[in-house]
Amino acid sequence: ISAYFTEYRKYPLEIRKADLTTTTGHPLLTILVGNNDPAAMTYNPGKIAFFSGKAARLKDGRYTRGIEYNEDGPSYLWDSWGNLYHVRLDTNHDNQIDDPEFPGQLLSHSILVWSAGPDGNFSTWDDNVKTW
């Protein structure tokens, strides 16, 4: 996401003046892998691969631990437990983001990424994996 910002001087999906919360599903990951999907080409016209990684594995009918890549369609990044990550971007560029764990508190970050952890519940923070 940082490399995308460096290239295009904006965050993917930056269409409003408030911080954006999304997932590592379509369209965010589709944009970051630079495939041929129309949404990706709108936000990443150079088709630059800003993200790459191991292919996701199917486990008990769910994708886990990697990218579900579709060259001409949506792509997704799955955590170890079969859930998409959540992403919050500082799209109003004030260098502060509302803390998802403690709403109302601000963090001095521009990008936050977190997983629901083993219990698969984003609202229980004891086991969530986070980047801050």
Side-chain angles (χ1 to χ4, degrees):
I1 295 172
S2 295
Y4 179 99
F5 186 86
T6 299
E7 179 70 23
Y8 292 114
R9 303 307 305 156
K10 64 180 184 175
Y11 290 110
L13 305 176
E14 186 172 312
I15 56 174
R16 57 191 182 151
K17 295 296 181 188
D19 293 341
L20 173 70
T21 303
T22 188
T23 67
T24 54
H26 179 69
L28 178 63
L29 200 73
T30 306
I31 293 165
L32 294 176
V33 298
N35 68 13
N36 295 320
D37 180 85
M41 294 176 75
T42 297
Y43 290 95
N44 185 356
K47 293 176 48 175
I48 300 167
F50 293 102
F51 188 85
S52 63
K54 295 190 310 184
R57 295 181 266 169
L58 268 175
K59 180 180 179 184
D60 300 326
R62 294 177 73 172
Y63 283 103
T64 63
R65 297 184 142 188
I67 300 173
E68 178 189 351
Y69 179 78
N70 298 300
E71 184 165 333
D72 296 317
S75 295
Y76 304 88
L77 177 63
W78 302 97
D79 70 10
S80 297
W81 304 279
N83 297 298
L84 297 172
Y85 294 88
H86 281 194
V87 178
R88 185 165 290 169
L89 303 172
D90 178 25
T91 54
N92 67 359
H93 306 285
D94 65 356
N95 296 314
Q96 296 184 350
I97 297 181
D98 191 46
D99 186 335
E101 184 176 4
F102 301 104
Q105 294 186 21
L106 297 174
L107 298 170
S108 296
H109 292 280
S110 55
I111 303 166
L112 303 177
V113 180
W114 68 100
S115 162
D119 72 358
N121 186 341
F122 280 96
S123 64
T124 58
W125 285 89
D126 292 342
D127 68 337
N128 289 7
V129 180
K130 57 188 184 176
T131 60
W132 67 96

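If you're wondering where the values come from, they're calculated on a predicted model, not measured in any experiment. Along the sequence shown, residues carry numbers from 1.
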Derivation and outcome, side-chain contact (heavy atoms from CB on, under 4.5 Å), residues Y63 and L58: CA-CA 4 Å; Y63 283 103; L58 268 175; 3.9 Å; yes
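- With sequence neighbours excluded, no residue forms a side chain to side chain donor-acceptor pair (under 3.5 Å) with T131.
- For the atom pair CG (L84) and CD (E68), the distance works out to 9.0 Å, reported to the nearest 0.5 Å.
- Between Y11 and F5, the ring planes are tilted. Angles from 30° to 60° get that label.
- Looking only at side-chain heavy atoms (C-beta outward), R65 and W81 stay at 4.5 Å or farther from each other.
- By the salt bridge (charged side-chain N to carboxylate O under 4.0 Å, His left out) test, E7 pairs with no residue at all, sequence neighbours left out.
- Between the CG atom in D94 and the CG atom in L106 there is a gap of 7.5 Å [rounded to 0.5 Å].
- Taking the six-membered ring for Trp and thresholds of 30 and 60 degrees, F122 and H86 have nearly parallel ring planes, at less than 30 degrees apart.
- Criterion: ILVMFWY side-chain heavy atoms under 4.5 Å apart, direct or through other members. Under it, F50 and V33 are part of a common hydrophobic cluster.
- In this structure, D127 contributes its side chain and D119 its backbone to a donor-acceptor pair below 3.5 Å.
- Checked by atom type, the side-chain pair T64/R57 shows no donor-acceptor distance below 3.5 Å.
- For the pair W114/W125, a side-chain contact is recorded, criterion being any heavy-atom separation below 4.5 Å from C-beta on.
- For the pair L28 and V87, the minimum side-chain heavy-atom distance is below 4.5 Å.
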Sequence neighbours left out, cut at 3.5 Å: what donor-acceptor pairs do the side chains of residues 35-46 make with other protein atoms?
residue, atom, partner, partner atom, Å
N35, OD1, D37, N, 3.1
N35, ND2, N70, O, 2.5
N35, ND2, G73, O, 2.7
N35, ND2, S75, OG, 3.3
N36, OD1, K47, NZ, 2.4
N36, ND2, E71, OE2, 3.4
N36, ND2, D72, OD1, 3.0
D37, OD2, A39, N, 2.9
T42, OG1, P38, O, 3.0
N44, OD1, Y8, OH, 2.8
N44, OD1, K47, N, 3.3
N44, OD1, I48, N, 3.2
N44, ND2, I31, O, 2.9
N44, ND2, I48, O, 2.8

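- Residues N83 and S115 fail the side-chain proximity criterion, which asks for heavy atoms closer than 4.5 Å.
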Criterion side-chain contact (heavy atoms from CB on, under 4.5 Å) on D19 and D98, from CA distance to verdict: CA-CA 8 Å; D19 293 341; D98 191 46; 5.7 Å; no
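- A side-chain donor-acceptor contact under 3.5 Å links D90 to the backbone of N95.
- The CG atom of D99 lies 6.5 Å from the NZ atom of K130; values are rounded to the nearest 0.5 Å.
- Remark: L77 CG to L32 CG distance equals 9.5 Å, nearest 0.5 Å.
- Taken together through direct or relayed side-chain contacts under 4.5 Å among Ile, Leu, Val, Met, Phe, Trp and Tyr, F51 and Y76 form parts of separate hydrophobic clusters.
- Placement of I111 and Y4 within a single hydrophobic cluster is found when ILVMFWY residues are connected by side-chain heavy-atom separations under 4.5 Å, directly or transitively.
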